[in-house]
Amino acid sequence: MKRHALLPAWLKLGLGLALMCAPLSTALAAPGIDPGETIADIPREALDAFAEAEVHARLSASKAPGAMIVVVDRQGNRYARAFGTLGPNDATPLDVRHHLFRIASETKVLTALGILQLAEAGQLSLDDDIETRLGGLRLKPEGGAPITIRHLLQHRAGISNIPMVGSGLRDARDHPALADYLAGHAPRRMRAPGGGIAYTNAAYTLLGRIIETASGETYENYIASRILKPLGMEHAGFPGGSITAPIAQGVFVSPGSTTTFPAVDTVTRPSGDAMMTAHEMGNFLVMMLNGGAYQGRQVIGRKAIDSLYGECWSADPSLGGRCLGPTRILRAGSPIYLHGGDYITSMSAWYVLPDQDLALWIGNTSSVPIDNDVFEAFLKRFYPPLGAENAPKATSPIEEDIGGTYRINSQTMSASGRFFELLMPGSEQIVEIGASGISVNGRHYVRIAPDLYQASGPPTIDGDTLRFRRDAEGRVFELHFNARSATKIGAAGSAHAARFVFGGLLAALLTLLVFSTARTIMAFRRGTSKAPPALSATACLLLIGGTIAALSLPTAGPFVMFGFPPLFRVAQGLWVLGGIAAAALVRGSAPRIDRAAGIATMVVAAAFIFMLVRWEFL
């Protein structure tokens, strides 16, 4: 009876305790999501307004089904917001905690951290010759200056790229071991190591293999056990593993249409195959702001993080440069570290601002990126000095010998990749001298110091400042940006010259095709020899057909970056057959006009084949 009488008092006490503990339990269960808090002194309401205006508003223009933004500070406070749906054919609202995003090349920094962990533990040195760490793999041609692990980390190894998708690779079940794949697809030495920057997936694929030989674990297991799990990432991982969470799907946008692509599993996983949720990306960024620590645990050693940020190469102190994984840019004297990722149908990038105690990540599920534009808007809105327009003070005189064509040191040396670059002139930087400065692909720069130029107006992630480098004889040989290098080339090596020559040869082939086809029809009607004009027409048709097949590469879109060779191999075969057919015209007798057409076809075919060999398309 007394117990029943006391029941209302106990209920009151219990309710009071529950109400007192509720805020505490909420904070412990989900730190950093209190609607009233700020992130690096930025009110949540301001971030909400920004996300609506700059992320949500860009969905329609990018045609992305969804987009996300995450902002964190050094204390672990977090703002995360998703817009749109899980995919173009899935109306499920995009979720920052439970939906995976393909971070693509941002995986490279996970690989770099793995290498730096092993270096900190004394299991390797960044100055090691990579060929002593690759389990017997030797790069061709053998010999030459040693390529070090540091060269790979900074994309300064001077090596070619490798295909990202292997022959017969349908899904993760066919995924070959790194050692096996590299044995048949090792990159080649293209230039001396330690020079300019040439971004390549091959470098980080080799680093993944070095992690395996140094640790005795597979690359995927090492990254999962030493980085992902200590960061509390329950969903993150690689295709074919224990991934169970839904993956955000996107679209590839081309003029006038959008296309959905099936997920592509790559064999170069250390360069770009990881997936994680936006919330998990926030965990990663908190660690990157806190010297490798996350929730009181030192996931990455302080020395490793200091090396990641501190060992940067650039052609000039005014440039940010390429660090041991991320790119560094400088704004108003403050460093910003960043890395982007492009996975055919998703684009994203993270940015770490150590002086501002803040980091953010932006991603959308479309081949049209929004990350850099959103980031620039973020700086302009919340950190105006970092987003201020460039207003360089011009000096003189302008160096007259810097004008010319510079080709970006390519990340691909495959034949199909080179042909694609030939069609896409963005791989070249055309420097033109003007009265008040220089113009580079239409953007104006003024001289601020000898061989150093800066653009006026709105800042960009890379390309605001240019450094021209000279050799021992004083001749300009390279152009450098923050994280890219371009080599000066002569007119003969210019893609513009090559396009002009190819265009002229194709026009000649078309003319000869029409003429030879007409002569073949006339030969049938007159009962004269049909072989020479028909052979001439066949040769022209084969060469033109091969070129049409090669010109279809842009319609293949992003698959060129995956080593897309089938269609290009068809093109190469047609080119060779056309050359053989043209060469066969020297045999036999024929009317003078047919022989002249045959000789003209042979000459054009020979010039065409020469150009293909000259540009390494065959």
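Counting from 1, the numbers follow the sequence of the chain as shown.
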Can you see whether [X] engages [Y] through a side-chain donor-acceptor pair at a distance of less than 3.5 angstrom?
{"X": "Thr487", "Y": "Asn409", "result": "yes"}
{"X": "Ser225", "Y": "Asn221", "result": "no"}
{"X": "Gln117", "Y": "Tyr222", "result": "yes"}
{"X": "Thr38", "Y": "Asp41", "result": "no"}
{"X": "Ser105", "Y": "Lys108", "result": "yes"}
{"X": "Gln123", "Y": "Ser215", "result": "no"}
{"X": "Thr200", "Y": "Asn161", "result": "yes"}

Counting distance only, does the side-chain N/O of [X] pair as donor-acceptor with the main-chain N or O of [Y] below 3.5 Å?
{"X": "Ser366", "Y": "Ser62", "answer": "yes"}
{"X": "Ser367", "Y": "Val253", "answer": "yes"}
{"X": "Thr213", "Y": "Gly135", "answer": "no"}
{"X": "Asp90", "Y": "Thr92", "answer": "yes"}
{"X": "Arg189", "Y": "Ala145", "answer": "yes"}

[atom1]-[atom2] distance between [X] and [Y], expressed to the nearest 0.5 angstrom:
{"X": "Met276", "Y": "Leu228", "atom1": "CE", "atom2": "CG", "result": "6.0 Å"}
{"X": "Asp371", "Y": "Asp342", "atom1": "CG", "atom2": "CG", "result": "9.5 Å"}
{"X": "Asp73", "Y": "Leu360", "atom1": "CG", "atom2": "CG", "result": "12.0 Å"}
{"X": "Leu153", "Y": "Ser307", "atom1": "CG", "atom2": "OG", "result": "10.0 Å"}
{"X": "Ser485", "Y": "Arg407", "atom1": "OG", "atom2": "CZ", "result": "14.5 Å"}
{"X": "Leu353", "Y": "Ile336", "atom1": "CG", "atom2": "CD1", "result": "4.5 Å"}

(message) Which residue is it: Arg322, Arg150, Lys303? I am looking for the one with a salt bridge (Lys or Arg N to Asp or Glu O under 4.0 Å) to Glu311.
(response) Arg150
Validation row: [X], [Y] side chains within 4.5 angstrom (heavy atoms):
{"X": "Ile115", "Y": "Leu124", "answer": "yes"}
{"X": "Met347", "Y": "Thr365", "answer": "no"}
{"X": "Val72", "Y": "Leu358", "answer": "no"}
{"X": "Pro239", "Y": "Asp273", "answer": "yes"}
{"X": "Arg328", "Y": "Asn482", "answer": "no"}
{"X": "Pro88", "Y": "Val251", "answer": "yes"}
{"X": "Arg188", "Y": "Ile159", "answer": "no"}
{"X": "Thr277", "Y": "His98", "answer": "no"}

(message) On the six-membered ring of Phe481, is Arg484 placed so that its NZ or CZ lies under 6.0 angstrom from the centre and within 45° of the ring axis?
(response) yes
(request) For the pair Arg226 and Glu217, find out whether any cationic side-chain nitrogen is under 4.0 Å from an anionic carboxylate oxygen. (result) yes
(message) Between the side chains of Glu131 and Arg133, is the shortest nitrogen-to-carboxylate-oxygen separation below 4.0 Å, so that they form an ion pair?
(response) no
Ring centres of [X] and [Y] under 6.0 Å apart?
{"X": "Trp313", "Y": "His480", "result": "yes"}
{"X": "Tyr351", "Y": "His339", "result": "no"}
{"X": "Tyr309", "Y": "Tyr337", "result": "yes"}
{"X": "Trp361", "Y": "Phe375", "result": "no"}

(message) Test side-chain contact (heavy atoms from CB on, under 4.5 Å) on Ile162 and Leu182; report intermediate values, then the result.
(response) CA-CA 9 Å; Ile162 56 178; Leu182 286 170; 4.0 Å; yes
(request) Starting from the C-alpha separation in whole Å, work towards a yes-or-no answer on side-chain contact (heavy atoms from CB on, under 4.5 Å) for Leu139 and Ile130. (result) CA-CA 10 Å; Leu139 306 189; Ile130 64 170; 4.1 Å; yes
(request) Would you sort out whether Ile300 and Leu308 count as a side-chain contact (heavy atoms from CB on, under 4.5 Å), showing the intermediate values? (result) CA-CA 11 Å; Ile300 309 293; Leu308 185 90; over 6 Å; no
(request) Tell me, yes or no, whether the heavy-atom count around Glu234 atom CD, taken from other residues, nucleotides or ligands under 6.0 Å, exceeds 12. (result) no
(request) Evaluate side-chain contact (heavy atoms from CB on, under 4.5 Å) for Arg81 paired with Val71, printing each intermediate quantity in order. (result) CA-CA 9 Å; Arg81 184 93 182 267; Val71 184; over 6 Å; no
(request) Can you sort out the partners of Tyr219 under ring pair (Phe, Tyr, Trp, His ring centres under 6.0 Å), two or more places apart, ordered by chain and number? (result) Phe238
